[in-house]
S.K.: 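Take a look at the following structure, please.
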There are 2 protein chains.
Amino acid sequence: MSEQVLEVKLDHIDRKILEILQDNAKTPYSQIASQLGISEATVHLRIRKLVNAGVIKRFQAVVDPEKVGKKVTAIIAVIAVPQKYGQVLKQLEKMPEVYEIYDVTGEYSTILKVRVKSKEDLAKLIDEIGGIDGVESTKTMYVLRVIKEDTRIRID
Amino acid sequence: MSEQVLEVKLDHIDRKILEILQDNAKTPYSQIASQLGISEATVHLRIRKLVNAGVIKRFQAVVDPEKVGKKVTAIIAVIAVPQKYGQVLKQLEKMPEVYEIYDVTGEYSTILKVRVKSKEDLAKLIDEIGGIDGVESTKTMYVLRVIKEDTRIRID
DNA sequence: AGTGAAAAAATATGTAG
DNA sequence: CTACATATTTTTTCACT
């Protein structure tokens with residue numbers, strides 16, 4: 001039932017392909033091929049293998065949150081009652097405004113990243129989270145500036 | 001010099017296209033067209049407009065960090081000396097292991113998301129960050145489990 | 001595995017309504 | 001914005017090494 005992380009052997013070619021496709025998923029195979037000194041067919045085969053192995057989870061258009069009205073980002077640290085932690089996570093997972101949920105060590109139970117339209121919506125969301133049965137306290141860190149936010153995994 | 005967030009007017013069609021392309025950037029225009037009841041040429045024009053307006057920042061292969069050896073994720077809360085905060089951010093921004101940097105309200109100056117190969121590399125990274133001139137303290141929250149991590153922005 | 005060439009599909013362009 | 005036709009490019013397959 002749980003996600004198995006199979007060890008995937010990646011050679012230099014695979015790694016380079018991953019770098020290129022993370023920067024631009026629409027790079028023509030012909031260009032990748034000539035850049036790496038292999039044939040287009042091999043590029044095609046390698047990419048299919050990477051997708052099938054789950055190394056590439058999907059191809060995605062990366063959207064600017066601000067441009068679509070998500071003006072507010074916040075990090076919320078949550079402390080939950082240990083006995084109800086599982087159900088708290090289940091509730092949080094269902095909330096569309098909650099994009100990331102990490103179970104972490106330290107004084108907090110979990111760290112969330114949330115995105116909403118406005119400060120008013122953030123206030124409502126914080127109330128909602130605080131109201132979940134099993135949530136003991138929340139600490140909100142409002143994001144004033146995004147200094148860096150890169151979803152591309154470094155391959156090395 | 002600063003990033004201008006131009007207000008972009010998006011209608012129902014644009015929003016639907018964004019949803020589809022965030023799920024699968026390789027969806028054929030023909031499929032998008034028939035699904036939305038518009039022509040392929042229009043799909044093409046709309047997507048080009050969205051890219052030019054910066055709503056779509058890029059097309060990216062989404063890679064599973066674990067599958068490429070990034071087994072460890074951590075959230076690090078940093079407190080910096082106010083007078084040196086700018087230069088601290090500049091140093092952090094240069095570090096390849098630091099994927100996200102948020103300037104936040106509250107007791108911490110900034111919140112980081114970092115990814116490394118191993119616990120040993122995390123320890124080294126924490127030392128490195130703690131050693132930056134202007135960093136007063138760091139608090140590391142080791143990620144035990146990723147409950148949710150979605151980079152797709154909800155369009156509504 | 002990898003290749004080159006052919007076939008199929010998708011994207012991009014242009015004209016006109 | 002759409003429809004349609006066409007050109008161009010890209011992806012995919014296949015027989016062979």
Side-chain angles (χ1 to χ4, degrees), chain A residues 4-64 67-69 151-153 155-156, chain B residues 5-70 151-153 155-156:
Chain A
Q4 189 182 357
V5 180
L6 286 169
E7 201 49 54
V8 184
K9 283 173 281 294
L10 302 172
D11 65 10
H12 175 69
I13 300 286
D14 292 320
R15 290 170 185 278
K16 207 76 193 113
I17 289 173
L18 289 174
E19 277 182 1
I20 292 167
L21 293 181
Q22 282 192 108
D23 273 337
N24 179 11
K26 290 199 182 292
T27 312
Y29 295 180
S30 58
Q31 193 183 312
I32 299 172
S34 66
Q35 193 175 329
L36 303 185
I38 54 179
S39 71
E40 285 184 41
T42 300
V43 173
H44 179 252
L45 253 45
R46 293 275 190 142
I47 292 174
R48 190 169 59 186
K49 203 186 58 184
L50 290 166
V51 170
N52 289 340
V55 178
I56 295 175
K57 293 196 282 188
R58 65 171 175 280
F59 295 95
Q60 182 189 333
V62 179
V63 169
D64 184 332
K67 292 270 173 63
V68 296
T151 56
R152 290 166 286 200
I153 308 299
I155 312 289
D156 40 48
Chain B
V5 181
L6 285 167
E7 201 49 57
V8 182
K9 283 173 284 290
L10 303 172
D11 64 11
H12 175 67
I13 301 285
D14 293 319
R15 289 169 186 277
K16 206 79 192 106
I17 288 173
L18 288 175
E19 277 181 3
I20 293 167
L21 293 182
Q22 283 192 107
D23 274 336
N24 180 10
K26 291 201 181 293
T27 313
Y29 294 2
S30 58
Q31 192 183 313
I32 300 173
S34 67
Q35 191 175 331
L36 303 185
I38 56 177
S39 70
E40 281 185 43
T42 301
V43 173
H44 180 252
L45 289 167
R46 294 276 191 142
I47 292 175
R48 190 167 58 186
K49 202 187 58 182
L50 290 166
V51 170
N52 290 340
V55 177
I56 294 174
K57 292 197 281 187
R58 68 202 138 77
F59 295 95
Q60 184 190 331
V62 178
V63 170
D64 184 330
E66 301 245 343
K67 293 270 173 63
V68 296
K70 294 280 181 285
T151 55
R152 290 166 286 200
I153 308 299
I155 312 290
D156 41 48

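The sequence lines fix the lettering, A, B, ..., with proteins before strands; numbering per chain opens at 1. We use all heavy atoms of the structure for the numbers below, so side chains are in, but hydrogens, waters and symmetry mates are not.
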S.K.: Rounded to whole Å, how long is the line connecting atom CD of A/Glu40 with atom C1' of C/dA6?
M.R.: 12 Å
S.K.: Within the pair A/His44 and D/dT12, is there a side-chain N or O less than 4.0 Å away from OP1 or OP2?
M.R.: yes
S.K.: What's the CD1-P distance between B/Ile20 and C/dA10, to the nearest Å?
M.R.: 15 Å
S.K.: So, OP1 or OP2 of C/dT3: does either fall under 4.0 Å of a side-chain N or O from A/Thr42?
M.R.: yes
S.K.: On DNA chain D, does the nearest nucleotide to A/Ala41 precede the nearest nucleotide to A/Ser30 from the 5' side, or the other way round? Give the residue.
M.R.: A/Ser30
S.K.: Could you give the NZ-to-P distance, from A/Lys9 to C/dA1, as a whole number of Å?
M.R.: 11 Å
S.K.: Report the distance from atom CG of A/Leu21 to atom P of D/dT10, rounded to the nearest whole Å.
M.R.: 14 Å
S.K.: Rounded to whole Å, how long is the line connecting atom CD1 of A/Ile13 with atom C1' of C/dT3?
M.R.: 14 Å
S.K.: Less than 4.0 Å between a side-chain N and a carboxylate O, is that true for B/Lys70 and A/Asp156?
M.R.: yes
S.K.: Nearest to the A/Leu45 side chain among C/dT11, C/dT3, D/dA3, which nucleotide is it?
M.R.: C/dT3
S.K.: So, does A/Gln22 use its side chain to make a donor-acceptor pair with the main chain of A/Ile153 at under 3.5 Å?
M.R.: yes
S.K.: To the nearest angstrom, how far is A/His12 atom NE2 from C/dG2 atom C1'?
M.R.: 17 Å
S.K.: Rounded to the nearest Å, what distance is computed from the CD1 atom of residue B/Ile32 to the C1' atom of nucleotide C/dA9?
M.R.: 15 Å
S.K.: Using whole Å, what does the distance between atom P of nucleotide D/dC1 and atom CG of B/Asp11 come to?
M.R.: 8 Å
S.K.: Let's see if you can work this out: which of C/dA1, D/dT2, D/dC4 has an atom nearest to the side-chain heavy atoms of A/Arg46?
M.R.: C/dA1
S.K.: Indicate yes or no: does B/Lys16 engage B/Asp11 in a salt bridge with an N to O separation below 4.0 Å.
M.R.: no
S.K.: Under 3.5 Å, is there a donor-acceptor pair between the side chain of A/Asp23 and the main chain of A/Ile20?
M.R.: no
S.K.: Counting heavy atoms from C-beta on, name the nucleotide in C/dT13, C/dA12, D/dT11 closest to the side chain of B/Arg48.
M.R.: C/dT13
S.K.: What's the separation between atom OH in A/Tyr29 and atom CD in A/Glu40, rounded to the nearest 0.5 Å?
M.R.: 10.0 Å
S.K.: Assuming nearest nucleotide by heavy-atom distance, tell me which of A/Lys49 and A/Lys26 is located more 5' along DNA chain C.
M.R.: A/Lys49
